[in-house]
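Note sheet for the following structure.
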2 protein chains.
Amino acid sequence: MSKQQIPLLSSGGCCAPISVAALNPAQAAEGAAAFKALSDPIRLRLMSIIASAGDEVCVCDITPHFDVSGPTISHHLKVLREAGLVDCERRGTWVYYWPMPERLQWISALLSVPEPVTS
Amino acid sequence: MSKQQIPLLSSGGCCAPISVAALNPAQAAEGAAAFKALSDPIRLRLMSIIASAGDEVCVCDITPHFDVSGPTISHHLKVLREAGLVDCERRGTWVYYWPMPERLQWISALLSVPEPVTS
DNA sequence: CTGCTGCTTCGACATGTGTCTATCTTGACT
DNA sequence: AGTCAAGATAGACACATGTCGAAGCAGCAG
């Protein structure tokens, strides 16, 4: 597990927030891919559960919160994984997920609005 | 114009960042809708052009930056409008768009990662 | 080895989404 | 009025996406 992760164009640092400078097509494509991963209510909730746990979370503790089938949860977790937002590891019978805060922070920074200059 | 805007569930203040508390289904639905609006490369670029302009932008200045047809641009702008991310007004022959920074800020805050407590 | 449990992968299907062309609306200018 | 240009809307179509049930693949326990 934790194998197929897409290579991140902007690995760590990032481009300027969109309120500061317009994105070029390549940057826009990468940003849009990240947003797409969070554009489903179930995925966003999954992300929030994993990110707010403060620790890794077992899939078996996640599934009961949702009304959809196991395969569907698994599918959404895979999308989050491929977007670099979470990672996971199998330990014995169970699989644990944890957040990748850098990626979350990167997206947040992309959207951040600079202080209006009150001079 | 600037008529059909969806009522925003969380009008101004907002729920805690997803790294702090898990979203309930209603919050997740609203957040996901916002992310969906930004989940297309063209829309994200549109948003960045409008947000970084520092002023309103005429559609006629936007269209030439893209390789898609006018109606497609128009469609994407409508999606951004309905998501509460931009607003517009017609003045004479031209239509001008400007960003709604509160909404952008709200999304950014939703994703913000609190400082790790280094105690 | 056999069975059971947790999770993922596969294949199929209905629904959503991005794109286009054609058409309409609005306003400006003769 | 008539004409032109800028955008928006409508309708059609290909493709992407969310969902499910069935099957597959680890690990553990007898």
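Order of the sequence lines fixes the chain letters, A, B, ..., with proteins taken first and strands second; residue numbering starts at 1 for each chain.
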Take the protein atom CG of B:Leu77 and the nucleotide atom P of D:dA6, then report the distance between them rounded to whole Å. 16 Å

Please determine if B:Arg103 and B:Glu30 form a salt bridge, counting it only when a charged side-chain N lies under 4.0 Å from a carboxylate O. yes

Value rounded to 0.5 Å, distance of CD1 in B:Ile49 from CG in A:Leu23: 9.5 Å

Provide, to the nearest angstrom, the distance between the CH2 atom belonging to A:Trp94 and the P atom belonging to C:dT5. 12 Å

Under 3.5 Å side-chain donor-acceptor pair for A:Ser19 and B:Ser52: no

Distance, nearest 0.5 Å, that separates CD1 of A:Ile42 from CG of A:Leu80: 11.0 Å

In whole Å, I'd like the distance from the CD atom of A:Glu82 to the C1' atom of C:dT9. 12 Å

Would you sort out whether A:Ser112 and B:Ser108 count as a side-chain hydrogen bond (donor to acceptor under 3.5 Å, both in side chains), showing the intermediate values? CA-CA 6 Å; A:Ser112 69; B:Ser108 178; 5.3 Å; no

Given atom OH of B:Tyr96 and atom P of D:dA6, what is their separation to the nearest angstrom? 12 Å

Rounded to whole Å, the CG-C1' distance (A:Leu80 to C:dT8) equals 15 Å

With respect to the phosphate group of C:dC7, does any side-chain polar atom (N or O) of A:Ser74 fall under 4.0 Å of OP1 or OP2? no

N or O in side chain of A:Thr72 less than 4.0 angstrom from D:dT19 OP1/OP2: no

Scan A:Ile73 against the nucleic acid and name what it touches under 4.0 Å (heavy atoms): base, sugar-phosphate only, or nothing. nothing

Please confirm whether the shortest side-chain N or O distance from B:Tyr97 to OP1 or OP2 of D:dA8 is below 4.0 Å. yes

If every non-hydrogen atom of A:Ala28 is compared with every non-hydrogen atom of B:Pro41, which pair is closest and at what distance? CB-O, 3.6 Å

Over all strands shown, is A:His75 touching base, sugar-phosphate only, or nothing at heavy-atom distances under 4.0 angstrom? base

Among C:dT19, D:dA8, C:dT9, the one nearest any side-chain atom of B:His76 is C:dT19

Nucleotide nearest B:Val68 (side chain, heavy atoms from C-beta), chosen from D:dA8, C:dT19, C:dT8: C:dT19

Measure across B:Pro114 and B:Val20 and return the closest heavy-atom pair with its distance rounded to 0.1 Å. CG-CG2, 4.0 Å

Over how many whole Å does the gap from B:Asp67 atom CG to C:dG18 atom P extend? 17 Å

Would you indicate, yes or no, if C:dT17 has its OP1 or OP2 atom less than 4.0 angstrom from a side-chain nitrogen or oxygen of B:Lys36? yes

Rounded to whole Å, CG of B:Leu46 lies from P of D:dG7 at a distance of 13 Å

With a 4.5 Å limit on heavy-atom distance, are the side chains of B:Tyr97 and B:Leu77 in contact? yes

On the ring face of A:Tyr96, is A:Arg91 found with NZ or CZ under 6.0 Å from the centre and within 45° of the axis? yes

Looking at residues 49-64 of chain A, who's got a heavy atom less than 4.0 Å off DNA chain C? A:Cys58, A:Val59, A:Cys60

What one-letter contact string describes nucleotides 23-30 of chain D from 5' to 3', where B marks a base within less than 4.0 Å of any protein heavy atom, S marks contact via sugar-phosphate atoms alone, and - marks no contact? ---BSS--

Please give, in whole Å, the distance from C:dT17 P to B:Ile42 CD1? 16 Å

Give a yes/no answer on whether the side chain of B:Arg43 brings an N or O atom under 4.0 Å of OP1 or OP2 in C:dT17. no

Taking the six-membered ring of A:Phe66 (Phe, Tyr or Trp), confirm whether the NZ or CZ of A:Arg45 is under 6.0 Å from its centre and within 45° of its axis. yes

Among D:dG7, D:dT9, C:dT8, the one nearest any side-chain atom of B:Val95 is D:dG7

